[in-house]
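Residue numbers start from 1 in every chain, and the chains themselves are labelled A, B, ... in the order their sequence lines are given, proteins ahead of strands. All values derive from a computational prediction rather than experimental measurement.
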Protein chains: 2
Amino acid sequence: MLKKIKIPDATIGRLSLYSRYLIEAHEKGITTVSSQHIAKATGVTPAQVRKDLAYFGEFGTRGVGYNSKELYNYIMKILGLDKHWSVAIVGAGNLGKALSQYKGFYQRGFDIACIFDNDPKKVGKKISNINICHLDSLNEKVKELKITLGIIAVPAQAAQEVADKLVKAGIRGIINFAPINITVDENIILRRVDLSAQLEYLTYYLEDA
Amino acid sequence: MLKKIKIPDATIGRLSLYSRYLIEAHEKGITTVSSQHIAKATGVTPAQVRKDLAYFGEFGTRGVGYNSKELYNYIMKILGLDKHWSVAIVGAGNLGKALSQYKGFYQRGFDIACIFDNDPKKVGKKISNINICHLDSLNEKVKELKITLGIIAVPAQAAQEVADKLVKAGIRGIINFAPINITVDENIILRRVDLSAQLEYLTYYLEDA
DNA sequence: TAGATTGTTAATCGATTAACAATC
DNA sequence: TAGATTGTTAATCGATTAACAATC
């Protein structure tokens, strides 16, 4: 199984969705699925499903289809979800607290190891079993808890500084929820998620409609 | 100003980012900005900035640039953010509660009018001034509070049913946070946001790196 | 006029879709 | 063999980038 192939961003989101369908199908006792089944369940075209999979190998049997459990395992491996990942959330505001409790992360193998903040009133407290630590302890905690991923959930003005600290601490991938462009060293994987922009996509198309 | 032009999805996210930069520039007293300034601040190319704006009209002055406040106003109008939008969140779990308190929505003109749930233990309570209402009261509340947008923050199994109810209640745009494909009538604007898939994007590139 | 920057067209790049040979 | 479905190539579609005339 190859890795680090540059594939369309959208392919990763689709693979994630395929995997969820596959495990559900498997649990229902459906052992064999076709690209058409996957496509229908996930809202894409069968050609797209086959193309997405073709980046990584040959997982099916011509004339037959795919074994649902097997393909599920392959996709989880491709996505790097055959193991657990330790995640730091920076920012113990509403968004940070929320993300830390979001079960969807845990279900896919992401363990929120610690929430970091620099507000002394918050540090030392817990949010459903997750410690809030001072941002100054980031470096040691990253090592101690083997944290590799960081989620930035602080206001825009603080985002770049936090990103720099995360990188310095040894984190290798970052999701930035702050609505601002930040830059990091090129060997760090960075992704920005703009929650408000998602709603703005709706209002763009609804205005004057 | 035209509307309803089909533009690349990514353009909307970028316009959102441009607008945040522009208002900041305006507040700093920078009255004129070039596509190069905008590009640098938002991490895109100057050509991209000009192209994105060109879908909607001519907002600049050749040889000079753009007036920051003016262009800000234009973009906010394009995105439909020159007015407030009333939003319903369905699901008073961790994610729903979090999103309801997320200040980033409010700052862009999105008012969370009500959180809906069908758990009797939650109904009647408040989350920082926002009422939790029973899902059965959706239809009346949507009319009463003039709600036009819905956010689905329920488990995957319940998402389609909730979407159907939102549509029946008269909602016109939906963000689906559940990791499943749902379908709605074609005159409803639908968008799926997969928080876990965002992290999976990181792990895809980090595995074996 | 010289320098700067827009708006727009054409070229390039990349992703999706259609078609079909391979093969169960 | 006939029917079904994969894997892959070629065609299409769409988005980004480069280039430049227009114009301040």
Side-chain angles (χ1 to χ4, degrees), chain A residues 1-2 4-18 21-22 25 30-68 70-72 74-75 78 181 197 201 204-205, chain B residues 1-2 4-18 21-22 25 30-68 70-72 74-75 78 181 197 201 204-205:
Chain A
M1 178 113 29
L2 310 171
K4 300 253 56 181
I5 309 165
K6 174 63 188 154
I7 54 172
D9 276 21
T11 290
I12 293 173
R14 286 192 299 261
L15 287 173
S16 184
L17 210 45
Y18 302 160
Y21 164 70
L22 289 165
I30 302 167
T31 53
T32 305
V33 298
S34 66
S35 58
Q36 211 168 115
H37 292 137
I38 302 173
K40 203 178 171 198
T42 56
V44 303
T45 64
Q48 183 71 271
V49 173
R50 297 200 299 278
K51 184 79 188 176
D52 285 336
L53 297 173
Y55 288 112
F56 305 102
E58 308 190 359
F59 307 111
T61 310
R62 290 169 195 230
V64 179
Y66 306 89
N67 178 286
S68 56
E70 239 176 68
L71 184 55
Y72 169 79
Y74 278 128
I75 293 179
I78 290 166
N181 179 249
Y201 178 90
Y204 168 74
Y205 281 107
Chain B
M1 178 115 27
L2 309 172
K4 301 253 57 181
I5 308 164
K6 175 64 186 155
I7 53 172
D9 276 21
T11 291
I12 293 173
R14 287 192 298 262
L15 286 174
S16 184
L17 211 45
Y18 302 160
Y21 163 70
L22 288 165
I30 302 165
T31 52
T32 305
V33 298
S34 67
S35 60
Q36 213 169 114
H37 292 137
I38 302 173
K40 203 176 172 201
T42 57
V44 304
T45 63
Q48 184 71 271
V49 172
R50 297 200 298 278
K51 184 79 190 176
D52 285 336
L53 296 173
Y55 288 112
F56 304 102
E58 309 191 359
F59 307 112
T61 308
R62 291 171 194 226
V64 179
Y66 306 89
N67 177 286
S68 57
E70 237 175 68
L71 185 56
Y72 169 80
Y74 278 128
I75 294 179
I78 289 166
N181 178 249
Y201 178 90
Y204 168 75
Y205 283 107

Value in whole Å for how far the [atom2] atom of [N] lies from [atom1] of [X]:
{"X": "B:Leu53", "N": "C:dG7", "atom1": "CG", "atom2": "P", "result": "7 Å"}
{"X": "A:Arg50", "N": "D:dA4", "atom1": "CZ", "atom2": "P", "result": "15 Å"}
{"X": "A:Asp52", "N": "D:dT8", "atom1": "CG", "atom2": "P", "result": "14 Å"}
{"X": "A:Lys51", "N": "D:dT9", "atom1": "NZ", "atom2": "P", "result": "8 Å"}
{"X": "A:Glu70", "N": "D:dT6", "atom1": "CD", "atom2": "P", "result": "14 Å"}
{"X": "A:Gln36", "N": "C:dA18", "atom1": "CD", "atom2": "P", "result": "13 Å"}
{"X": "A:Leu15", "N": "C:dT16", "atom1": "CG", "atom2": "P", "result": "11 Å"}
{"X": "B:Asn67", "N": "C:dT5", "atom1": "CG", "atom2": "P", "result": "16 Å"}

Step-by-step side chain to side chain contact (heavy atoms under 4.5 Å, CB included) determination, B:Thr32 to B:Val64: CA-CA 8 Å; B:Thr32 305; B:Val64 179; 4.0 Å; yes
Nucleotide N/O to protein N/O under 3.5 Å, stretch nucleotides 22-24 of chain C:
unit_1, atom_1, unit_2, atom_2, d
C:dA22, O4', A:Arg62, NH1, 3.4
C:dA22, N3, A:Arg62, NH1, 3.1
C:dC24, O4', A:Arg62, O, 3.1

Minimal non-hydrogen separation, A:Ile5 against B:Tyr205, with atom names: O-CE2, 3.9 Å
Geometric class of the B:Phe59/B:Tyr74 ring pair [parallel <30°, tilted 30-60°, perpendicular >60°]: tilted
Beyond-backbone contact of A:Tyr55 with A:Ile78, side-chain heavy atoms, under 4.5 angstrom: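 The answer is no, as the side chains (C-beta and beyond) never meet within the 4.5 Å cut-off.
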With sequence neighbours excluded, residues passing ring-ring contact (aromatic ring centres under 6.0 Å, His included) with A:Tyr18: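 Per chain and number, A:Tyr18 pairs via ring-ring contact (aromatic ring centres under 6.0 Å, His included) with no residue.
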Test ring-ring contact (aromatic ring centres under 6.0 Å, His included) applied to A:Tyr66 - qualifying residues, sequence neighbours left out: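 A:Tyr66 satisfies ring-ring contact (aromatic ring centres under 6.0 Å, His included) with no other residue.
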From CA spacing to verdict: side chain to side chain contact (heavy atoms under 4.5 Å, CB included), B:Phe56, B:Ile7: CA-CA 10 Å; B:Phe56 304 102; B:Ile7 53 172; 3.7 Å; yes
Nucleotide nearest A:Ala47 when distance is taken to its side chain, options D:dT6, C:dG7, C:dA18: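 For A:Ala47, the side-chain atoms sit closest to C:dA18.
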B:Ile30: partners by side-chain contact (heavy atoms from CB on, under 4.5 Å), with sequence neighbours left out: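 Per chain and number, B:Ile30 pairs via side-chain contact (heavy atoms from CB on, under 4.5 Å) with B:Ala25, B:Lys28, B:Val33.
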Qualifying residues under side-chain hydrogen bond (donor to acceptor under 3.5 Å, both in side chains), relative to B:Ser35, sequence neighbours excluded: B:Arg50
Short side-chain N/O contact from B:Ser35 to OP1 or OP2 of C:dT5, under 4.0 Å: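 Answer no for this pair, as no side-chain N or O of B:Ser35 is under 4.0 Å from OP1 or OP2.
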Pairs of donor and acceptor atoms involving the side chains of residues 38-48 of chain B, under 3.5 Å and at least two apart or interchain, shall be tabulated with distances.
unit_1, atom_1, unit_2, atom_2, d
B:Thr42, OG1, B:Ile38, O, 2.7
B:Thr45, OG1, B:Gln48, N, 3.1
B:Gln48, OE1, B:Arg14, NH2, 3.1

Sugar-phosphate only, base, or nothing, as touched by A:Thr11 at under 4.0 Å among non-hydrogen atoms: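 Answer is nothing: A:Thr11 stays at 4.0 Å or more from every strand.
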What N/O pairs connect the protein and nucleotides 11-15 of chain C at under 3.5 Å? Give each pair on its own line.
none

Dot-bracket summary - DNA chain D, pairs being Watson-Crick or G-U whose distances fall under 3.5 Å, with | when paired to another strand: ..||||||||||||||||||||||
Residues B:Leu71, B:Leu53; criterion side chain to side chain contact (heavy atoms under 4.5 Å, CB included); working and verdict: CA-CA 9 Å; B:Leu71 185 56; B:Leu53 296 173; 4.0 Å; yes
